Every structure is written in C-alpha cells, then in structure tokens.
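Shown next, in structure tokens, is the structure this report addresses.
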Amino acid sequence: MNGQNPETMVAPSVDELVEAARTAMGLGRWDDAIAAYSSAVEQTRELGGEVSELLRRIGQVHYQRGEFKLAEDLYDSSIAAAREAGNVQHEASALNCQGNCQQSLGRLDRAETLFIAAHELAGQLGNRRLSVMTQQNLATLANIRGDSSGALQRYRTALEGYEELQDDQAMIWVLNNMAMAYVDPERYTEADGAFTRALAFAEMRGDADLIGTVQVNRAEMFVRLQQFDD
C-alpha cells in the first residue's frame with residue numbers, strides 16, 4: 001500500500017504555513033491563504049508564541065477582498081495582541097493597516113488618527129519604510145479631503161523617502177498620486193512632469209499594470225485640457 005500513515009505525517013511548521021499562505025495570495029487563492037494563516041495562528045498559540053503579525057496578515061487578505069468589516073476586526077485583534085506582547089513594531093504596522101481600512105470605510109478622521117499614531121511609532125523605532133508609508137497615506141488622505149497643498153507636501157516627503165530606500169515601484173505610485181494632486185488646482189505642467197517621470201519608471205520596470213494606471217490618469221488630464229488627440 002502506497003502513501004504515508006496519517007498518524008506518522010508531520011504537520012507543516014508555522015514558517016511553511018506562512019509561505020503557503022503567501023503563495024496562495026500571489027495566485028489569488030484567498031480562501032487557501034486564510035486557511036493557511038489561520039492554521040499558523042493556531043499552531044503559534046499552542047506554542048505560546050505571538051500572533052499579532054499573523055492576525056494582521058489575515059486582515060490584509062480580507063482587506064484585499066473588500067471585506068472591510070472582517071479586516072477591521074482582525075486589525076483590532078492584531079493591535080491588541082501586539083500591545084499585550086509589547087511588540088511596538090507589530091503594533092505600528094497594524095495601526096497603519098487599520099488606518100487604510102478606516103479610510104476605505106469612509107472614516108477619515110479615524111484613519112488620520114491611526115496613521116499619525118503609526119507614523120510616530122515608526123519614528124521611535126527608526127523604521128524608515130513604515131515612516132515613509134504612513135507619510136504617503138497621510139498625503140492620500142489630505143488629497144481625498146481636497147487639501148492639495150498639504151497632500152503635495154507630504155507626497156514630496158514620501159518620494160524622498162522612497163528614493164532613499166530605492167523603491168522604484170513605490171516611487172511610481174507616489175509620482176502618479178502627486179500628478180493627480182497637481183491636476184485639481186490646474187497645475188498641469190507639474191502634473192505632466194510627474195506623470196512622465198512615473199511612466200518612465202514603470203516602463204523601466206516593465207510593469208504593464210502600472211503603465212496602464214499612469215496612462216489612464218494622464219488621459220483623464222488631457223480630457224480636462226481638451227487635448228483629445230493626446
């Protein structure tokens with residue numbers, strides 16, 4: 001008889017479950033990702049380990065699926081678990097994710113409070129990437145509120161941070177968002193410059209999705225300018 005006896009099979013480790021969840025997410029298999037992460041949470045709890053990061057990752061899967069209420073609950077659990085464990089790094093990451101969730105739910109004041117809290121913790125920790133991410137998120141929030149000037153100031157700071165981190169993909173998103181922030185006050189020359197720079201980075205990366213995003217936004221700008229051939 002071929003195969004292993006189920007009683008002798010070794011259960012996957014937490015690391016293996018996390019890797020399986022990441023792979024599933026990359027393939028868009030959301031249910032498989034949640035199942036793998038949930039198993040990792042159970043195993044971690046049995047071992048007496050910290051589960052805050054795993055709960056945050058499950059929340060991210062639900063957030064990607066647009067299940068914001070489920071994501072909100074998981075981010076709250078992640079924050080609570082991080083605080084109980086005294087893990088400020090995980091707490092800051094969960095606060096930032098919860099900020100994105102609250103923004104998606106239209107709770108802008110709550111989102112701002114969370115982003116600021118995450119930004120302050122990131123600064124205390126010396127976590128440059130998270131500090132830049134929260135700056136970018138605050139810029140987006142300002143733009144949603146119609147504060148183009150405040151948004152652009154924060155976007156510039158975020159862009160400088162991503163340049164230091166040599167994160168081309170993040171730079172493309174910031175430049176694209178900066179360009180759109182320039183469009184509203186009709187600063188079209190600066191908007192086109194930011195779009196052009198974003199497009200150059202996207203083409204250099206060969207990222208068709210980002211190229212398409214930038215070109216659609218440029219097209220909307222040209223429609224506003226009645227430059228229909230462009």
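Just so we're clear, the structure is a prediction, and the values are computed from it rather than from any experiment.
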Please tell me whether N96 and N137 have a donor and an acceptor in their side chains that are separated by less than 3.5 angstrom. yes

Would you indicate whether the side-chain heavy atoms of Q226 and F228 approach each other to under 4.5 Å? yes

Single-linkage hydrophobic cluster Y182~V214, side-chain heavy atoms < 4.5 angstrom: yes

Looking at E67, I want to see if its CD is surrounded by more than 12 non-hydrogen atoms of other residues, nucleotides or ligands under 6.0 Å. yes

Under 3.5 Å donor-acceptor, E53 side chain and H90 backbone: no

Looking only at heavy atoms, which two atoms of I211 and A202 are closest? And how far apart? CG1-CB, 3.6 Å

Given side chains that start at C-beta, do those of R224 and V183 come closer than 4.5 Å, heavy atoms only? yes

Separation between CG (D167) and CG (L159), nearest 0.5 Å, reads 11.0 Å

Hey, are R45 and E50 close enough for a salt bridge, meaning a charged N less than 4.0 Å from a carboxylate O? no

Taking the side chain as C-beta and beyond, is there a heavy-atom pair between R187 and D192 under 4.5 Å? no

Do E16 side-chain atoms and S13 backbone N/O form a donor-acceptor pair below 3.5 Å? yes

Regarding Q102 and R107, is there a side-chain donor-to-acceptor distance under 3.5 Å anywhere? yes

Is the side chain of T213 donor-acceptor paired with the backbone N or O of D209 at a distance under 3.5 Å, no angle test? yes

Close side-chain approach of R197 to M171, heavy-atom, < 4.5 Å: yes

So do the side chains of Y188 and E186 get within less than 4.5 Å of each other, counting heavy atoms only? yes

Q227 atom CD: more than 12 heavy-atom contacts under 6.0 Å: yes

Rounded distance [0.5 Å steps], CD1 in I58 versus CG in D73: 12.5 Å

Rounded to the nearest 0.5 Å, how far apart are CD1 of I172 and CG of L210? 5.0 Å

Heavy atoms, side chains only, cut-off 4.5 Å: are E91 and S52 in contact? no

Hydrophobic cluster identity match, L152 and W173, side-chain contacts under 4.5 Å: yes

Can you name the nearest heavy-atom pair linking A92 to A118, along with the distance? O-CB, 3.5 Å

M221 side, atom CE; D184 side, atom CG - distance, nearest 0.5 Å: 12.5 Å

Minimum heavy-atom distance V174-A158, with the two atoms named: CG2-CB, 4.5 Å

Mind checking the OG1-NE2 spacing from T134 to H119? Nearest 0.5 Å is all I need. 5.0 Å

Salt-bridge test for D31 and R65: reply yes if a basic N is under 4.0 Å from a carboxylate O, no otherwise. yes

So how far is it from D76 CG to Q98 CD, rounded to the nearest 0.5 Å? 4.5 Å

With a 4.5 Å cut-off on side-chain heavy atoms, are S93 and L95 touching? no

Pairwise side-chain contact, F201 with N176, heavy-atom cut-off 4.5 Å (strictly under): no

Ring centres under 6.0 Å, that's the criterion: do Y63 and F68 meet it? yes

Looking only at heavy atoms, which two atoms of N143 and S148 are closest? And how far apart? OD1-OG, 4.3 Å

Donor-acceptor under 3.5 Å (E42 side chain, Y37 main chain): no

Hphob cluster co-occupancy, L199 + M180, side-chain heavy atoms under 4.5 angstrom: yes

Taking every heavy atom of A194 against every heavy atom of A179, the minimum-distance pair comes out as CB-CB, 3.7 Å

According to a hydrophobic-cluster definition based on side-chain heavy atoms being under 4.5 Å apart (Ile, Leu, Val, Met, Phe, Trp, Tyr only), do I34 and L70 belong together? no

Please check if any side-chain donor atom of T140 sits under 3.5 Å from a side-chain acceptor atom of Y155, or the reverse. yes

Got a list of side-chain donor-acceptor pairs under 3.5 Å for residues 120-127, not counting sequence neighbours?
{"unit_1": "N127", "atom_1": "OD1", "unit_2": "R129", "atom_2": "N", "d": "3.4"}
{"unit_1": "N127", "atom_1": "OD1", "unit_2": "L130", "atom_2": "N", "d": "3.0"}
{"unit_1": "N127", "atom_1": "ND2", "unit_2": "Q89", "atom_2": "OE1", "d": "2.5"}

Decide whether L105 and L108 are clustered together by the hydrophobic rule: side chain heavy atoms of Ile, Leu, Val, Met, Phe, Trp, Tyr closer than 4.5 Å, transitively. no

Given L225 and D230, is the side chain to side chain contact (heavy atoms under 4.5 Å, CB included) satisfied, shown in steps? CA-CA 10 Å; L225 288 166; D230 290 332; over 6 Å; no

Take Q136 and Y162 through the side-chain hydrogen bond (donor to acceptor under 3.5 Å, both in side chains) test and state the conclusion after the steps. CA-CA 10 Å; Q136 179 183 359; Y162 284 129; 2.8 Å; yes

To check you understand the geometry: which heavy-atom pair defines the closest contact between A94 and S78, and what is its length? CB-OG, 3.4 Å

Pair Q60, R57: side-chain N/O donor-acceptor within cut-off below 3.5 Å: no

